[in-house]
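Below is one structure, written out as structure tokens; the observations come after it.
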Amino acid sequence: MFRKRLWLVVTLAMAMLIAACSQPEEAKNIDANAAEKEGAETAGGNLILATTAAPTLFNPYYSTDTSSSTIEGFIFSGLVTVDQDFNPEGDLAESWDFSDDGLKWTFYLRENVKWHDGEPMTADDVVFSYNIPRDPDYVGPRGLPFEIIEEVNKIDDYTVEFVLSEPYAPFITITAQFEVLPKHILGDVPIAELGKHPFNTKEPIGTGPFKFKEWKEGEYIALEANEDYHLGAPKLDGLLYKIVPDTNTLMAQLQVGEISMAGISPEYVGMAQDLESKGMVKLESGPSNAFEYIGYNLRNELFQDKKVRHALTHAIDREAIIEAILGSAGTVAHGPGSPANWAFNPDVPKFEYDIEKAKQLLREAGWKPGPDGILQKDGKKFEFALKTTSANEIRQQIAEVAQQQWAEIGIKTSIEVLEWSAYVEQTSPPNWNFDAMVAGWSIGSDPDPTWFWHTSEIEAGLNYNGYSNPKVDELLSKNTQIADLEERKAVIAEADAIVTEDQPNTFIYYPEGYLAISPKLAGPTFNAANTYYKIHEWYFES
């Protein structure tokens, strides 16, 4: 969940004023370390990133937010990763093979991998980790890609065999990407207690390119290079992941060189382009593998009539939102998916901005204006709360636009802006504490939509809407068993079209991504697949 927006234009003077705020001591130390290396041909230096959304925990089997996942990618390693084109590439596994029927996968592990505490990583750790979501006491949100695993077998210390109940097309790019956790530390922890174990916040130990050093809540997470990293010691000395209060502060710190690299919110693209023209940053862009939306909790009877959901979408002027808030940094989304990946279906039903159509549909659904102008039915007013997070200013502004435009058709909306961790807790399983929310989804390495729309994902998965359609379930269950991409694309396209017709969300826009990079930072490029691809090879040029 990402992207931010301010209504007011941010002046350069204000940016400089905010940039004058003090840095955490850890950041000062890192800057000093980098300065000591000036004059070297290729100084490693320390990478400084920033976010307005603080992470919640560091365990890939329990986290759901982008900030946590980002840090996890630095600390932990999976069997495979993906390159910048979504192709699988070995990580902990040096190689792998699979049976003709797709039911048996064998991974051959690297023999030089060590945990950050020096212990060797072996097949025991893989078997332990991949059995976590299969345990009956597991209550995390990541069970879906493990449901087809019947057995995880240790063949020897460096060979692991997976036996599947059915072919699963995303196995190599989703399941096999899940990071491996240390059995010697967590093996005796009851699975029912693992999600809240101190390991997740105080002492995560992984095999990734960076070691956990410190988490100063509300300020930063500090990591240091893992000199024993199995793909080669990082050229960077360390990494600081700063937590800043808003995008204004983030941009100001990028401007004065206190941040090495940052995704740019649409309203700041002009400022970033100006910084690029002055040689202060390199700016790269491309379509993001994501979509932004207003999601309706279908557990709430207000949203259970499809005509009502159609009306809510017809009442939102998405073109105007994009023009006023995003500029050129997004395109209208009519359905799920993303133009950035191969499964995208542009030919879904369209619900264009049409106030009169919205009013007509609401009348057909039995909603009539009351004495105060607010729609009512069976003595109940059409009013609800729209939640979003203070960590994302664009979503706050979308909420305000929706509130105003829904008022025009007689719907009363209150806006609840929550601090990020509270927002995640309230809207996620098992709480589902929201009527509607402004949010976004990053799609991942494989475009399988099962996560979002399958009935099996309602109770504890990522189907936040509580959406259920038997035909969609059938198609989504089928899609993961198809090896041929074109055939699979057609099945996903059909499912996406049905979901769009059902409108569990008002799909707002597909974001265009922008990445501002320090001119001295060698390595990163914008891509929708893997932002931190081969980060151990990044460095600062002197």
Tell me which one of Asp125, Ile132, Leu181 satisfies side chain to side chain contact (heavy atoms under 4.5 Å, CB included) with Leu186. Leu181
State, to 0.1 Å, how close [X] and [Y] come at their nearest heavy-atom pair, and which atoms those are.
{"X": "Lys154", "Y": "Asp156", "answer": "CG-O, 3.4 Å"}
{"X": "Gly335", "Y": "Thr500", "answer": "CA-OG1, 3.5 Å"}
{"X": "Met261", "Y": "Pro524", "answer": "SD-CB, 3.6 Å"}
{"X": "Gly90", "Y": "Arg110", "answer": "O-NH2, 3.5 Å"}

Salt-bridge test for Lys489 and Glu486: reply yes if a basic N is under 4.0 Å from a carboxylate O, no otherwise. no
Considering only NZ, NE, NH1 and NH2 on the basic side and carboxylate oxygens on the acidic side, decide whether Lys211 and Asp228 come within less than 4.0 Å. no
Would you check if [X] and [Y] make a side-chain contact, meaning some heavy-atom pair closer than 4.5 Å?
{"X": "His334", "Y": "Val348", "value": "yes"}
{"X": "Tyr158", "Y": "Tyr108", "value": "no"}
{"X": "Trp453", "Y": "Leu475", "value": "no"}

Find the distance between [atom1] ([X]) and [atom2] ([Y]) and round it off to the nearest 0.5 Å.
{"X": "Trp538", "Y": "Leu521", "atom1": "CH2", "atom2": "CG", "result": "6.5 Å"}
{"X": "Ser260", "Y": "Leu47", "atom1": "OG", "atom2": "CG", "result": "4.5 Å"}
{"X": "Ser428", "Y": "Tyr423", "atom1": "OG", "atom2": "OH", "result": "8.5 Å"}
{"X": "Thr173", "Y": "Glu89", "atom1": "OG1", "atom2": "CD", "result": "13.5 Å"}

State, without any angle test, whether [X] and [Y] hold a side-chain donor-acceptor pair at a distance under 3.5 Å.
{"X": "Ser445", "Y": "Gln177", "result": "yes"}
{"X": "Asp473", "Y": "Thr455", "result": "yes"}
{"X": "Glu419", "Y": "Thr389", "result": "no"}
{"X": "Glu457", "Y": "Asn463", "result": "no"}

List the steps, then state whether side chain to side chain donor-acceptor pair (under 3.5 Å) holds for Tyr296 with Gln503. CA-CA 9 Å; Tyr296 307 110; Gln503 284 290 285; over 6 Å; no
What about the rings of [X] and [Y], do their centers lie closer together than 6.0 Å?
{"X": "Tyr464", "Y": "Phe452", "answer": "no"}
{"X": "Phe507", "Y": "Phe291", "answer": "yes"}
{"X": "Phe146", "Y": "Phe178", "answer": "yes"}
{"X": "Phe58", "Y": "Trp215", "answer": "yes"}

One pair to check against ring-ring contact (aromatic ring centres under 6.0 Å, His included): Tyr130 and Phe162. What are the steps and the verdict? CA-CA 10 Å; Tyr130 279 71; Phe162 291 82; 5.3 Å; yes
For Arg488 and Asp446: C-alpha separation, side-chain torsions, deciding distance, then whether salt bridge (Lys or Arg N to Asp or Glu O under 4.0 Å) applies. CA-CA 12 Å; Arg488 189 175 172 218; Asp446 184 279; 2.6 Å; yes
